[in-house]
Amino acid sequence: MRPLKIIVLAKQVPDTRNVGPDAMKPDGTVNRGKLSTIFNPDDLHALELALNIKDRVAGSEVIVLTMGPKRAADIIREGYYRGADNGIMISDKRFGGADTLATSYTLVKGINKLAPFDLILGGRQAIDGDTAQVGPQCADKLKIPQVTYVEEILEIRDKEIIAKRRLEKGVETVSSTFPCLMTVHGSSPDCRSRHAKKVMKYKYARTETELRSADEMLISLHQKRPHLTIPEWSVEDINADMDKIGLSGSPTKVKSVESVVLTSSEAKILSDSDVDIENMIKELIEHHTIG
Amino acid sequence: MKSVFVYCEVENKKVAEISQELLSAGKRLAQKLGCPLEAMVFGSKLKDISKQIAPYGVDKLYVADDERLEPYRTLPHAALATEILKKQNPQIVLFGATSVGRDLAPRIASVLNCGLTADCTILDIGDHFVKKEKKEYKDLLYAIRPAFGGSIMANIINWDMHPQMATVREGVMKKEIFDADYSTEIINIDVNSIVKDEDFIVKIIERHIEESDVNLKEAPIIVAGGYGVGSKENFQHLKDLADLLGGEVGGSRAAVDAGFIDHNRQIGQTGTTVRPKLYIAAGISGAIQHTAGMQDASMIISINNDPDAPINKLADYVIEGDLGEVVPKMIKYYKKNAK
């Protein structure tokens, strides 16, 4: 089996379990600076799937590609710690405010710089939007087939790959030719943990921006070991059309947001006594809620 | 032409529940806009399919009937849909937020270079003033959806890159027949003139779809249990209560993950959305993931040891106590008092 070149699309996301309305800017977009960030959970599953393929097909290469603000470099380092071979950041203020259409355009411009490739893997969806759109939109722009909701890779052959998909009411086994794009379902295996040796090796990995404020020791280390420098691609580096990126490339706009507060209705508080429960049942019958 | 378009999912000659909901929602939007409702359906052996679709008030139905179109695969369906949408140029296109719709709609949005809002729970029509252009855009689609794990509701609009597309969550739009005898114009699509051989490059080798016998959405009464129920055996008490009241039993994600109850009975953002007359939440704390799928119940009873469980804020009755005692008592006093 020939080695495969695999690109993993990964996103740094706000930890949406703890979001208040103060985390939104007046224009309705997210104020990412106010939130703690994590590696998007489904994307970690995609990384595991990629590393699993690399285990099975010797010589395969796993590249983590992320688009985001400067601090998304953490995603690249995390990828390295877990076994990725390379990492690239697409980062430029002008990419900010992108919806899924502008994001997929930007990612594809970056992917094209890495072509040819065999496989693009990404999480099914990101927890900050839950849209599940960027994967299929990238596949369309790359003119390659897509296989969504992948749970397991059953077989890898020279010209095709066989995967199990998790659908809402069942499973489906499909084959696709290379190159193709797959989105990975959260029911696939969890990502392996960090590898101690790789952490030692890559904890000094920095983007060019980060190096600008680094101390001399780190700078000279990067001169000796250039692979530690994480490439950072700007609008010009990927030759992106300004009309198709960021807010101006995004057809969907947030008109307004409302925070959801669980409304405190006038609940009747009851004990588990016989009297309380019998009275409640009587009320429900009286109001024809139960009959 | 100005119109609202719905992509209908079909399998084994049956139009999916979600698509019927979408047709109803689409008709309401079309009436607000004073424009026709159109639909497209791609599958196999669809000779009489219009009978299931027309009553929702569909003015034009595009049918592509070819055995290769079922089960659903992305590329042939995307090719057909984009071709039709390019020609008809509707204002609004709706898809189900299902494993099919969420696979297909983004691919189409990319081809058409238009906006797509995922997982909407409310659709409406309204205006928007764009300050930069000093221009008021009339009759836009308001695609309203929960975001950030359900902590906010966002109204998403798209004024300049049409069509305005949205996927809509299953179970949130009310299904209503518009006119049982509605007359629909049927347009049969010549599949071979649009779909190419290479669109079938992804092959389905095997498929297991479970026909669900569970109908949570239609149940007037639901007794749902959470992780707090503690075991599969304890769930039997909830089932007894549900059976007695003529309802169904459901569970939270935590209960499903713990193996207490089947995943096809999961209620919440990643399960079924329900709106019963009565919802009894037993041992459910009330994570947004869960409440997003049941908060529209007419009446909610929460049974919980924890007086501060978030679900109590939604409840009409809060019973502070142990499930093991409360549920048998409810059974007992229902039997005693029901006529």
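Proteins come first, then strands; the chains are lettered A, B, ... in the order of their sequence lines, and each starts at number 1.
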What pair of heavy atoms forms the shortest contact from Gln133(A) to Thr117(B), and how long is it?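 Of all heavy-atom pairs spanning Gln133(A) and Thr117(B), the closest is NE2-C, 4.0 Å.
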
Residue pair Val318(B) / Ala267(A): nearest heavy atoms and the distance that separates them: CG2-CB, 3.9 Å

Heavy-atom pairs under 4.5 Å with chain A are the metric here; pick the option from [options] that has the most.
options                                    : answer
Asn158(B), Ile319(B), Ile157(B), Asn337(B) : Ile157(B)
Tyr142(B), Trp159(B), Tyr334(B)            : Tyr334(B)
Thr167(B), Asp322(B), Asn113(B)            : Asn113(B)
Cys114(B), Ala287(B), Gly246(B)            : Cys114(B)
Val111(B), Val100(B), Asp160(B), Asp119(B) : Val111(B)
Gly115(B), Pro307(B), Ala105(B), Pro71(B)  : Gly115(B)

Step by step, work out the side-chain hydrogen bond (donor to acceptor under 3.5 Å, both in side chains) result for Thr148(A) and Asp103(B). CA-CA 7 Å; Thr148(A) 47; Asp103(B) 178 88; 2.5 Å; yes

So which of [options] has the largest heavy-atom pair count under 4.5 angstrom toward chain B?
options                                    : answer
Thr177(A), Asp274(A), Val174(A), Asp276(A) : Asp274(A)
Cys138(A), Ser175(A), Gly135(A), Ser271(A) : Ser175(A)
Val147(A), Val171(A), Val134(A)            : Val171(A)
Arg165(A), Glu283(A), Arg124(A)            : Glu283(A)

Quick one: are [X] and [Y] in side-chain contact, heavy atoms under 4.5 Å?
X         : Y         : result
Lys253(A) : Val130(B) : no
Tyr333(B) : Lys282(A) : no
Gln146(A) : Val202(B) : no
Ile156(B) : Val254(A) : yes
His128(B) : Lys255(A) : yes
Thr173(A) : Ile204(B) : no
Leu75(B)  : Pro145(A) : yes

Name the region of [X], side chain, backbone, both or neither, that has any atom closer than 4.5 Å to a heavy atom of chain B.
X         : answer
Ile144(A) : backbone
Leu167(A) : both
His185(A) : neither
Thr183(A) : neither
Ile281(A) : side chain
Asp99(A)  : neither

In Å, rounded to the nearest 0.5 Å, how long is the span from [atom1] of [X] to [atom2] of [Y]?
X         : Y         : atom1 : atom2 : value
Leu154(A) : Ile205(B) : CG    : CD1   : 8.0 Å
Thr100(A) : Leu116(B) : OG1   : CG    : 6.0 Å
Asn312(B) : Ile269(A) : CG    : CD1   : 6.5 Å
Glu206(B) : Ile162(A) : CD    : CD1   : 11.0 Å
Ile144(B) : Glu258(A) : CD1   : CD    : 8.0 Å
Ile301(B) : Ile290(A) : CD1   : CD1   : 7.0 Å

At a 4.5 Å cut-off on heavy atoms, which part of Ser302(B) comes close to chain A: side chain, backbone, both, or neither?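 Looking at Ser302(B), nothing touches chain A.
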
Does any heavy atom of chain A fall under 4.5 Å from the side chain of Glu320(B), the backbone, both, or neither of them?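 Both parts, backbone and side chain.
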
Is a side-chain donor-acceptor pair under 3.5 Å present for Lys141(A) with Ser110(B)? yes

Any donor-acceptor pair under 3.5 Å linking the side-chain atoms of Arg102(B) with those of Gln125(A)?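 Yes - a donor-acceptor pair under 3.5 Å links their side chains.
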
I'd like to know whether Met299(B) forms a side-chain contact (heavy atoms from CB on, under 4.5 Å) with Leu284(A), so could you lay out the CA-CA distance, the side-chain angles of the two residues, the decisive distance to 0.1 Å, and finally the verdict. CA-CA 10 Å; Met299(B) 181 171 286; Leu284(A) 293 175; 3.2 Å; yes

Pair Lys336(B) + Glu278(A): basic N to acidic O under 4.0 Å: yes

Salt bridge check: are Asp272(A) and Lys329(B) linked by an N-O gap of less than 4.0 Å?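 Lys329(B) and Asp272(A): not salt-bridged.
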
Quick check: are there more than 12 heavy atoms from other residues, nucleotides or ligands sitting under 6.0 Å from NZ of Lys277(B)? yes

Full working for side-chain contact (heavy atoms from CB on, under 4.5 Å) between Arg145(B) and Asp130(A): CA-CA 11 Å; Arg145(B) 59 163 309 203; Asp130(A) 290 328; 4.0 Å; yes

Heavy-atom donor-acceptor pair, Tyr317(B) side chain to Met280(A) backbone, under 3.5 Å: no

So does Ser99(B) get a backbone contact from the side chain of Glu168(A), meaning a donor-acceptor N/O pair under 3.5 Å? yes

